[in-house]
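Naming convention: chains lettered A, B, ... in sequence-line order (proteins, then strands); numbering from 1 in each chain.
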Amino acid sequence: MTKKNIITMEHGAGGQVMQGLISKSILGNISNRSAGTVGLDDLDDGATIALPADFNSSYEIVITTDSHVVKPLFFPGGDIGKLAVCGTVNDLTVMGARPVALTCAIVVSEGFEREILEEIIQSMDLTAKEARVAIVTGDTKTIPRNELDSIIINTSGIGFAPRIIRDNGLSPEDMIILTGTIGDHGISLLSHREGFNFNTKLESDVSPLNDLLEKSLQITTHDGRSAITAMKDPTRGGLSASINEMTQKSNVGVILEEEDIPIKSAVRSACEMLGLDPYEIANEGKAIMGVRPEYADEVLELLHSHKYGKDAAIIGKVVAEHQGKVLLRTPIGSLRQLNMPVGDPIPRVC
Amino acid sequence: MTKKNIITMEHGAGGQVMQGLISKSILGNISNRSAGTVGLDDLDDGATIALPADFNSSYEIVITTDSHVVKPLFFPGGDIGKLAVCGTVNDLTVMGARPVALTCAIVVSEGFEREILEEIIQSMDLTAKEARVAIVTGDTKTIPRNELDSIIINTSGIGFAPRIIRDNGLSPEDMIILTGTIGDHGISLLSHREGFNFNTKLESDVSPLNDLLEKSLQITTHDGRSAITAMKDPTRGGLSASINEMTQKSNVGVILEEEDIPIKSAVRSACEMLGLDPYEIANEGKAIMGVRPEYADEVLELLHSHKYGKDAAIIGKVVAEHQGKVLLRTPIGSLRQLNMPVGDPIPRVC
Amino acid sequence: MSMEAKLLKSICDRSRPIRIMHICGTHERTISRYGLRNVLPKEIEILSGPGCPVCVTPVEDIDIAIALARSGIIITSYGDMLRVPGSSMNLMEARSEGCDIRTVYSIDDAITIAKEHPSRDVVFFAIGFETTAPTNAATLLRKPPKNFSLLTSHRLIPPALLHLLDETNIDAFIAPGHVCAITGIQPYQQFADLGFPIVSAGFEANDVLLSILMLLEQSRLGRPIVENAYPSVVRRKGNLKAQEMMASVFDVADAQWRGLGTIKNSGLKLKNEFADHDAVLVHENVIRSYKKETSYERINVDKCRCADILKGKEEPDHCPLFGTDCTPVTPIGSCMVSQEGMCYNWYQYRNV
Amino acid sequence: MSMEAKLLKSICDRSRPIRIMHICGTHERTISRYGLRNVLPKEIEILSGPGCPVCVTPVEDIDIAIALARSGIIITSYGDMLRVPGSSMNLMEARSEGCDIRTVYSIDDAITIAKEHPSRDVVFFAIGFETTAPTNAATLLRKPPKNFSLLTSHRLIPPALLHLLDETNIDAFIAPGHVCAITGIQPYQQFADLGFPIVSAGFEANDVLLSILMLLEQSRLGRPIVENAYPSVVRRKGNLKAQEMMASVFDVADAQWRGLGTIKNSGLKLKNEFADHDAVLVHENVIRSYKKETSYERINVDKCRCADILKGKEEPDHCPLFGTDCTPVTPIGSCMVSQEGMCYNWYQYRNV
Amino acid sequence: MCIAIPGKITKLLDEYTAMVDFGGVERKVNLDLITGSEEIIPGLNILVHVGYAISIISEDERKEISEILEQLENDE
Amino acid sequence: MCIAIPGKITKLLDEYTAMVDFGGVERKVNLDLITGSEEIIPGLNILVHVGYAISIISEDERKEISEILEQLENDE
Ligand code: SF4
Ligand code: SF4
Ligand SMILES: [Mg+2]
Ligand SMILES: [Mg+2]
Ligand SMILES: [Mg+2]
Ligand SMILES: [Mg+2]
Ligand SMILES: [Mg+2]
Ligand SMILES: [Mg+2]
Ligand SMILES: [Mg+2]
Ligand SMILES: [Mg+2]
Ligand SMILES: [Mg+2]
Ligand SMILES: [Mg+2]
C-alpha cells in the first residue's frame, strides 16, 4: 500500500484538518489576498472591498461565497435552495452588512429531474424574498452523471455595511450571546442518512438572519462603534469551531456556561446515541456574537422579540485570562476546555 | 420506457436548449431579479449593483459568477485554475468593469491529490497576478468520491466600471471586432478526450482580457459615451451564440465577412473531421465587440499592439436591416444566416 | 475571377428550371455553409434526400440500443446518434439516466474500449451507408475481442433512391461522392437508364457547382448519363477491396427507414459466421425481454410527412406536427432530426 | 445542595492519595465533559485504561479491512473505525481512494445493506468488547444473508486488565458498567482478590462520583471487594441470554492489542460452524495475496509508549514520537487514536 | 467504551424488534438479547447499545442507590 | 452523409495503421481498406472517413477536372 497525500472528507469539515488545508495549500499559494480591510488571510465570514478613490461614503462593500452540497437535497425544515440563500445572507449579516444581491451558479448532473430543479429554485426565491435580496446574475453548468450525482449551488453575495463586524473584535467583559438552540441542522440531516434512520420531529434551523439582527446591528455607542463587537454564524464545526476561532483571533479568553446553552432534547439524545458532541454540530440559522456588556440586555430583548431569536441566550462572557481558550463551566461547576473540533463529527459507538 | 423531464448535457451547452432551461426554470421562478441597471433578466455577462443613496460616485459596481468544471483539468495552454480566474475576469471586463477582487469556492472530491490541488491554486495565483485582481474570500467543501469525481471551482468577481458596456448596445454602422482566432479552447480540449485522441500543437486561448481591453475601454466620444457599444466573451456556444445574442438584444442585424474571421488551420481541420462548426466552439480568451465606426481603427490598433490581440480583426458590421439576424457573407459572396446553436456541439460523422 | 465565380457564371448561362436532389449530408453542409442556394438562379432548386444514415435509423433500433445500455452494456456510437429520438428518449437522455454510452470517432476507438474493459460487454452501434459499412467489415475480419459486438443498422443508398422515384418530382441527382468512392458509379447507372441525369460530386463549393453545371448540360442535351465529377477520389469501379470486405461480412436485407417505411434490399445484416459479434444474437435475452415490455404508440410518428417531403411532394409546414410537437429540440421524423433535413432548416431559418 | 455537590463533599471528606483507572471510553467522556478531574482533590488521580475497542484494533486488522475493500467488497463499520490508522492509511483514506466503505449505527444496518446488494459481498468489521460481541452473535444466529460475513476483532476486558497489573502503578478500578450489564460483575472478582478495590459504575456525573466515593471507602477500610454502583442496569450475573449467545458463536483466543502486544485469551474468534460468515475464511484468497505483498515496517509503531502510559509508568511527552510523528491528525498508538486516550488529551489540552 | 443510552419502548414491531423513543428521537431496536426472561411491553425502559437492547432498566434498583448515598452521608 | 477529409501520411505505424496529418491535427488512421493495391508511403494523400482511409487521392485526376472546366467554358 502506498500513501498518497489526498483529500478526505475531514478536509471540508470545518475543523483543524480543514484549517491546515486552507492555510497551507490555499493561503500559502495565493499572493494577492486582499482588496480592502478584511481579506483572505482573515478567514472571516467574508471580505471587504475598498472603494475607488472617488467614492465618498461611510459604507463598506462586503462580499462572500459558499458552495452548497447538502444531502439529502430536501430535509425537514428546508432544502439546498433555502440553504444556499441563507448561507450567504448570513455570512454577509454576521459581517455587519445589509445583504443586497446574490449570484447563483448551479452545477447539475445530467439526469437530474427538472421538476426538482424548479422546486429548488422556487425555494431559493421564497427565501430571497424573505431576506429581501435579489438574485442578479447566475451560471448553469451540466456535467456527466458519472462525474457528479446531484446538484451543487454556489451563491456569492454582496452587501453594504455601515460598520464592519469582524470575528476578532471580542474584548474582556463582552457578553457572548447565542441566538438560539444548537445542532438542529446537523442532527436533522444525520437522522435521514443511510445506516441511521432515526425518526424525529426535529427540523433544520436553516433561516436568513438579516432581519433578526438588523436592529441589533444599528445599536452604537456614543462614539459610533457597534454594540456588537464580533460575530459569526456557527455552521460547519458548530458552536465550538466558531467561538474558538473568535476567541483565538481576538486574543482573549471566553467562559461559557454550559447550562445556559440552549439545546433541544432530541438533539441531545441523538448526540448521546451517536457519541457526538452537540457543540461540533452544524447550524444554519444561528449567530454567535460578542456584545458590549451595557448593551447585552437590549440586544437579547430585540432577539427575543423575533421569531428566529426566541431561544436566544447569554451563554457566557469574555475574560482577559485564558488567552485563546474557550472554557466551559459544567453543571457541576468545573471549568473544562472546549476545543476546536479536529475533523468531521463521526458517529461513534465508544 | 417512461420519459422523465430530465437535465441533459445540452442544458449546459450555451445554446437554445440552455436558454430554454434558464428562462423557464430559473428566471420564471425568481421574483427579485435586479439590484441595479443590469439584472438577471438581461442574461448579460454579469450584473450591476445600485449604490446606497449616500454613495457619490461616477462608478458602478459589477458582479459576475461562473462555476468551472473542465475536463481534463490540465490541458495545453492552461488548466482549470487559470480558466476559473480568466472566466470571471473576462466577464467583468466585457461589462466595462475593472476587475478588483474574486471569491473562490472549491468543491473537491475525497481522494483528490493535494499536490494537484496546489498546482491548480498556484495557477490561479499566477493568473490573478497577471490580471491584477485579488482573491479575497473563499470556501472549501469536500464531497464523497461516489458523488463527485474531481473538482469544481466557482469564482465570483467584483469590479468597478466608469461606463457599463451592455451586450445590447449595437447600433447600425458599428463595426464588429473580434480580438483573435476562434475555437482554440474547445478544439484543444476535445482533442484530448477519450475516443478522439488527436495530436495537435494547438493550445487553449485561455487568458485574462482586462489588460488587452483596458485602453480601448477608455476611449470615449466627446459626450462621454464609450467607443465600444456592446461586448461579450464568446465562451460556451462560441462566436455564434454571442453575436446572435448581441444582435437579438440590440434589435439590429449583423453582417459578418466569413473570410475575415480569424481561425487557425488546425481548428479548421479538426472541425472538418468532426463535422463541427467552428463558430459554435468555445473560446476563453476572446472578446467580440461593437465599436462606433469612427473609433474602429484606433481600437484595432490598440488590440494589435497587445500580445493577446495580435490576430484581432474587423469581421463585420451592424446594419439596420435583418433585425435579430446574423448573416455571414460566404467566400462565394452569398449571404447565409449564422444561427444560434441548438445544444452541445457533438462530433459527427455525417 | 475565382473558379467558383466562373462556374456560377456558366451555370447562369445554362440555367433552366430543374429540381436537383442530393443524397448526402455533407453535400447539404457545403450548400448551406456557402449559401449556394442564394446565388443560384431561382429556377434551379436543390433538395435534400434521405442522406443522413443516422437520421433514418428507425425508432426500434434506438430503443434496442437503449435497452442494451440499460442492462449494463457499454454502448459506443458516433456522436450523431445521441440526439436521434427513440420511442421515449434518445441516447443522450439514456446516458443522463446513468447508462454507459460513449461517443467515438472510429470503430477502432470502440475496440480500444472493449480491450480496456475485458469483463464488460461493449456494443458498437454500427450505422452508416456504403462508406461506413466497410470499416465495420474490416474490424470484424480482424477478430475483435470476445466482449465486442455490433448492433448494425446499415443502409444502402440506391434502393432508397429507387423507392423515392415512385411518385417523385425530382429531375436530377447529385450522387454522394464518398459513397461512390467505395461503390464506384456503376450502381447509379440505373437512374440514368430511368431518365435521370446523375453526377457523382465532391464536397468543395466548386465541386458541387461543377456537378450542377454538368447536370444542366445533360438536361440541355436530353441525354441522361451517370458522370463522375470527383475523379481524384472516385474510381469508376470504386474501392474493390472495400467492396469485397463488405460482401464477405454482410448480406443484403430489407430495412426500415425512419419516415419512409420498409424498403426492399436497402440494408445489410451480418452473415451467420459473425454471429458471435452480432449484438442482436449475443444479447438476444435482453432484447427479447425488452420487446415483451414495449408496445409502440406510433400516433405521432404516423403523422410525419417525411416521405412526401423527401419526394418533393410536400413542404414542411403542411405537416400537422411541424413546429408544435416536432421541433429541432424535440424532433420526430428524420427531416427534423438531421441538421440537413428540410424540416430542420425550414424551422431554423424561416423563424416560425 | 445537588446530588453531585453532596457526593463531591463526601469525596473531599474521605480524600486520600489514590490512582484510579477506568477502562471505558464512555466513562472518560463523562469525566472530561463534566471536568471532574478539576474538582476532585489533586491526590485523587483518574487514569484512562485501554477502554476503546476501536483504538486497540491492530494495524494488521485495519490493513485486512482495506485489502478486502480494495478487492471490491463493501465494508461496513462503526464510524469510530474510520480514523484508526493501518500501516499506510485509514479506512477514511481508503474510501477517498474509491473503496466502498459505509458507516452504520448497528450490525442490523449492515445486514440491510447486504440484502440490498445481493450480488456483492458485504463485510461487517466487527469490533468491540463484551458489550458489542453479543449483538454480532445474535445476528449470526439469525442466519444472515449468504453474501454477508464478519471480520471480527473483538477484545475482552479482564485479560487485558490482568496484563496491565503486571508492573502497574494503579490502586483501584472503575469497572465498565455497560460491559458488566452483559457479563455481570463476577469476572472482576479476581481483581478484588488481587487487592484492588473495584466498582462497576454508570455514566452520569453522579454515577462516576459515587463509584469514586465507594472506592475511597474500600481503600479506607483496606477491604478490596467488587461492588456494583449501577444496579439499575447491571445484575450480579449479567445478561445470561447474551452470554449464552456469545458462547455459542465465539471461542476465546489470544489477541493482539495496539500498543500492548499479544495478550493471552483476550479475544474472540468465530467457531467453525460459522465459517461461511467468517470473512477471513470466506475471502481467504484476497487476504492471502494481500499478506504476500506486505511487509510491516514497524519502526514507528515500535517506539510507541502506550503500554507504559496505560500502566501509569510514563507520561506522553516522554514518548519520542509525541507531538511530532504522532498527533491527533496522524496518530500512531491507541492513546493518540482515541479521543479519550491520554496522548490525545495531553496534546489537545496542554497545547504542546 | 460502549456508548449506551436509555430509551422507552413505544411499539412492538415483531417478536424481536421494537420502536424505542430516546427523548424525541425514535429508532428501531433489536430485542434479541433481552427477550425471553421478562415481559417486553410498551412503556418498558431499556438500555440500548448499537441498536440492541442489552439490559432492562430497573427503577426500583435506582431508588435503592440513592438510599445508599443517604446512608453514606449519615455515616459522617 | 459520410464526412471525409483529405490528409497526408506522415509515418507508417504498422502494416495497417499510419499517422496522418490533417493540416495541423494528427491522428492514427486505419489503412485496411486501401492496402494491397498500391504503394502506401509517407507523403501519400488519402481520404479518411471515421478513422479509415477509404481512397487514395489522385492529383492527376484533379488536374484533369480543371481542364474539363476550361473546356466547358470555351464551349460558350
Ligand atoms: S415536421 Fe417532423 S413530423 Fe413533420 S414531416 Fe418534418 S420531421 Fe416529420
Ligand atoms: S504519542 Fe503516539 S506513539 Fe507515543 S505513546 Fe502516545 S500514542 Fe503511542
Ligand atoms: Mg460564516
Ligand atoms: Mg461565505
Ligand atoms: Mg458560510
Ligand atoms: Mg464576522
Ligand atoms: Mg456563465
Ligand atoms: Mg460571458
Ligand atoms: Mg459570469
Ligand atoms: Mg462566463
Ligand atoms: Mg457585456
Ligand atoms: Mg464557507
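- For D/Asp109, the side chain to side chain donor-acceptor pair (under 3.5 Å) partners two or more places apart in sequence, or in a different chain, are E/Arg27.
- A donor-acceptor pair is defined here as one N or O able to donate and one able to accept, closer than 3.5 Å; such a pair exists between the side chain of E/Ser55 and the backbone of D/Val233.
- Taking the side chain to side chain contact (heavy atoms under 4.5 Å, CB included) definition, one finds that D/Ala133 meets it with D/His154, D/Met246, D/Phe250, D/Leu268, sequence neighbours left out.
- In terms of modelled atom types and a separation under 3.5 Å, the side chain of E/Asp32 and the main chain of D/Thr135 share no donor-acceptor contact.
- Annotation: side chain of E/Val50 is in contact with side chain of D/Tyr78 (closest heavy-atom distance under 4.5 Å).
- Top candidate by heavy-atom pairs under 4.5 Å with chain E, chosen from D/Glu28, D/Arg235, D/Glu244, is D/Arg235.
- Checked by atom type, the side-chain pair D/Thr139/E/Tyr52 shows a donor-acceptor distance below 3.5 Å.
- Note that CD1 of E/Ile57 is 6.5 Å distant from OH of D/Tyr230, once rounded to the nearest 0.5 Å.
- E/Thr35 approaches D/Lys241 most closely through the heavy-atom pair OG1-NZ, 2.6 Å.
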Practice task
Take E/His49 and D/Thr132 through the test side-chain hydrogen bond (donor to acceptor under 3.5 Å, both in side chains) and record every step on the way to the result.
Solution key: CA-CA 8 Å; E/His49 167 65; D/Thr132 318; 2.9 Å; yes
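- Taking CD1 of D/Ile182 as the reference point, atom CD1 of E/Ile54 lies at 5.0 Å (rounded to 0.5 Å).
- Between the CG atom in D/Leu240 and the CG atom in E/Leu33 there is a gap of 12.5 Å [rounded to 0.5 Å].
- Considering only heavy atoms from C-beta on, E/Lys28 stays 4.5 Å or farther from D/Ser106 through its side chain.
- When side chains are defined from C-beta on, E/Ile3 counts as touching D/Arg29, because their heavy atoms get closer than 4.5 Å.
- Annotation: D/Arg236, atom CZ; neighbour count of heavy atoms from other residues, nucleotides and ligands within 6.0 Å does not exceed 12.
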